[in-house]
Chemist: 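Below is a structure I'd like to ask you about.
A note on names: the letters A, B, ... follow the listed sequences, proteins ahead of strands, and every chain is numbered from 1.
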Number of protein chains: 2
Amino acid sequence: MKHVAPSTIRRLSLYLHFLEACALEGQETVSSRALAEAGGATPAQVRKDLSFFGSFGRRGVGYPVPELAAHLREILGLGRTFRVVLVGAGRLGAALAHFEGFGDRGFRIAAVYDTDASKVGARLDGLVVRGAERLGADLQAAPADIGVIGVPAASAQGVADALVGAGVKAILNFAPVRLLVPEGISVKHVNLALELDALAFALRDGSGR
Amino acid sequence: MKHVAPSTIRRLSLYLHFLEACALEGQETVSSRALAEAGGATPAQVRKDLSFFGSFGRRGVGYPVPELAAHLREILGLGRTFRVVLVGAGRLGAALAHFEGFGDRGFRIAAVYDTDASKVGARLDGLVVRGAERLGADLQAAPADIGVIGVPAASAQGVADALVGAGVKAILNFAPVRLLVPEGISVKHVNLALELDALAFALRDGSGR
DNA sequence: TATTGTGAAGTGGTTCACAGCT
DNA sequence: AGCTGTGAACCACTTCACAATA
C-alpha cells in the first residue's frame, strides 16, 4: 500500500463517524458534499481521499452508507478490538478510564497502572488499579496493543520505555514532553499547552482575528 | 503580517518550551540543531521558521536563549494573561482544572461552570463550580478570552453558542463533535477518537509498521 | 571553522475541471 | 441532470545549498 497522508487518515475517521450517524438514521446514500461538511473538507477532497483506496460510490447517486462505513473501518484497521493499557490513575486517568469513546469503538481498556501506592487497589470504571511494577509481567502474559500515558511529564519517558519494553507498538501520550521511542513504534501526542499557545496566537493583537 | 502556517505555530511553541528549559539551566545560546531536535524538525526548518519573523541569531554562534524566548512569546501573543472559563465540571473538567500547564503560562482559569445542579457549589482546584445559566451575566461583567468545553458531545454545541454569545473569541473543545461557530472565532479540537483511529491505522495488518 | 539567513529547488497535499456512469 | 473518479494544475510547506558573518 502506498503512503497515506496523516491528514487523510484524520478525515477518513471523521467521515466514518458521520457515516455511523447516517446509518443510525437509516440513510442509504451520502454525497461527497455531505461527507465534506462532516469532515471539514471539500467535496473534491472527499472523492480524492476515497478514490485513493478504491471506487466506493456510484456516479450520479453517491456513496452507499453501510458499505462505505465498512470499507473505512477496514482501511483504518478498525476491524478488531484493541487491548489498551492506561498508565496513570490520577484525575486525567480517571477521565480517560470513563471516556465512552474507548469501548464504543473497539478499544478495550485491559488494565490501569499507577506507581503511587495510595492509588493502587482503587477502582476506576470497574477496573482495579495495579502497581506499575507489574506492567511487564502482565503484558508478557497478555500483550496489549496500545499504551496510554496519563502521568506527569517527569515520569512519561520512563513509562514509555516500560511500555515499549513490554511489547506495546502504539502510544497515546498526554504528558507535555516529546517521547523518544524506537523506530516502528507509533506515538500520538495530545498536548494542551500547544493548543493553548495556538489559541493565544489566534487572539493576538486586539482580539480574535 | 503575512500568513503563518499552523505547523509553524506548533513548532514555535515547542521551541519556546525548550528555550525555557535551557534558560533554567543558564544556557546562553542554542543552535538551530538543538532547537530542531526539541521541535521535531530539521535545522533548516528551524532557521526558516524563525527567519520568517526576523533575524534573531548570530552566524557562527547560534541564538541567544532569553532574547529568542522573548521574541517567541511576543510572536505567539503570550505577552499577557488570558482569562479562561471552563464549562463542564465532570472528571475531564476536574483533570483540566488541576492541569498546571494552564496557570504556568498565563492562562488563568477564571471560573468553572456546569449545568448539573449536583455539581454546582462543589470546589475544583480552589474554584467553586457555578451554574451554567450564570455564564452570560458573568462574562458581561468580566469578559473571558478562551472557553474550554469539557461537556458531553450532545451539549457541546449549545455551550459553544453560549460562549460565543458571551463574547469568547477562542474555544478549546474536548467533545468529539465539530462545532459550528461564526467567522472570526478560533476553535481547537482535542478528539480522542481521532487519535485512537490514527493509532489503529498505524497498527493495521500484523502489528506495528 | 561554526552556524545563521535565504533564494531556489523539491515534495506532497489540495483544488480544478471534465470525462464517465447512472 | 446529477454526482463520482481522476489526471493535471496549483499551491504551500520543506529541504537544499551556499553566501554571509562571527
Chemist: Looking at A/Arg58 and A/Glu67, is any side-chain nitrogen of the basic one under 4.0 Å from a carboxylate oxygen of the acidic one?
Modeler: no
Chemist: B/Asp49 has an atom CG; how far is it from atom P of D/dT14, in whole Å?
Modeler: 7 Å
Chemist: Whole-Å distance between D/dT4 P and A/His71 NE2?
Modeler: 15 Å
Chemist: With a 4.0 angstrom cut-off to heavy atoms of chain A, pull out the first and last contacting nucleotide of DNA chain C, in 5'-to-3' order.
Modeler: C/dG13 to C/dT22
Chemist: Between A/Arg83 and A/Asp145, does at least one N-O distance fall below 4.0 Å, as a salt bridge requires?
Modeler: no
Chemist: Can you tell me how far P of D/dG5 sits from CD of A/Gln45, to the nearest Å?
Modeler: 15 Å
Chemist: Could you tell me the separation between the CZ atom of B/Arg47 and the C1' atom of D/dA17, rounded to a whole number of Å?
Modeler: 10 Å
Chemist: What integer distance in Å separates A/Glu67:CD from D/dT4:C1'?
Modeler: 16 Å
Chemist: Which nucleotide sits closest to the side chain of B/Ser7: D/dT14, D/dT6, D/dT15?
Modeler: D/dT14
Chemist: When the distance from CZ of A/Arg33 to C1' of D/dG2 is rounded to whole Å, what number comes out?
Modeler: 10 Å
Chemist: Nearest whole Å is fine: how far is D/dG2 C1' from A/Arg59 CZ?
Modeler: 12 Å
Chemist: Looking at A/Phe107, is A/Arg105 sitting on its ring face, NZ or CZ under 6.0 Å from the six-membered ring centre and within 45 degrees of the normal?
Modeler: no
Chemist: Among D/dG5, D/dC18, D/dC16, which nucleotide sits nearest the side chain of A/Ser51?
Modeler: D/dG5
Chemist: Are the side chains of A/Phe174 and A/Lys188 in touch, meaning some heavy atoms are under 4.5 Å apart?
Modeler: no
Chemist: Quick check on DNA chain D: between A/Gly60 and A/Gly57, whose nearest nucleotide comes earlier from the 5' end?
Modeler: A/Gly60
Chemist: Could you tell me whether B/Glu195 and A/Arg10 make a salt bridge, using a distance below 4.0 angstrom between a side-chain N and a carboxylate O?
Modeler: no
Chemist: Would you mind reading off the distance between A/Phe52 atom CZ and D/dG7 atom C1', rounded to a whole angstrom?
Modeler: 15 Å
Chemist: I would like to know whether B/Phe102 and B/Phe99 meet ring pair (Phe, Tyr, Trp, His ring centres under 6.0 Å); could you show each step before the answer?
Modeler: CA-CA 6 Å; B/Phe102 269 112; B/Phe99 176 59; 5.7 Å; yes
Chemist: For side chain to side chain donor-acceptor pair (under 3.5 Å), just list the numbers for B/Gln45 and B/Asp49, CA-CA rounded to whole Å, side-chain angles, deciding distance to a tenth of an Å, and then say yes or no.
Modeler: CA-CA 6 Å; B/Gln45 186 157 56; B/Asp49 285 341; 5.1 Å; no
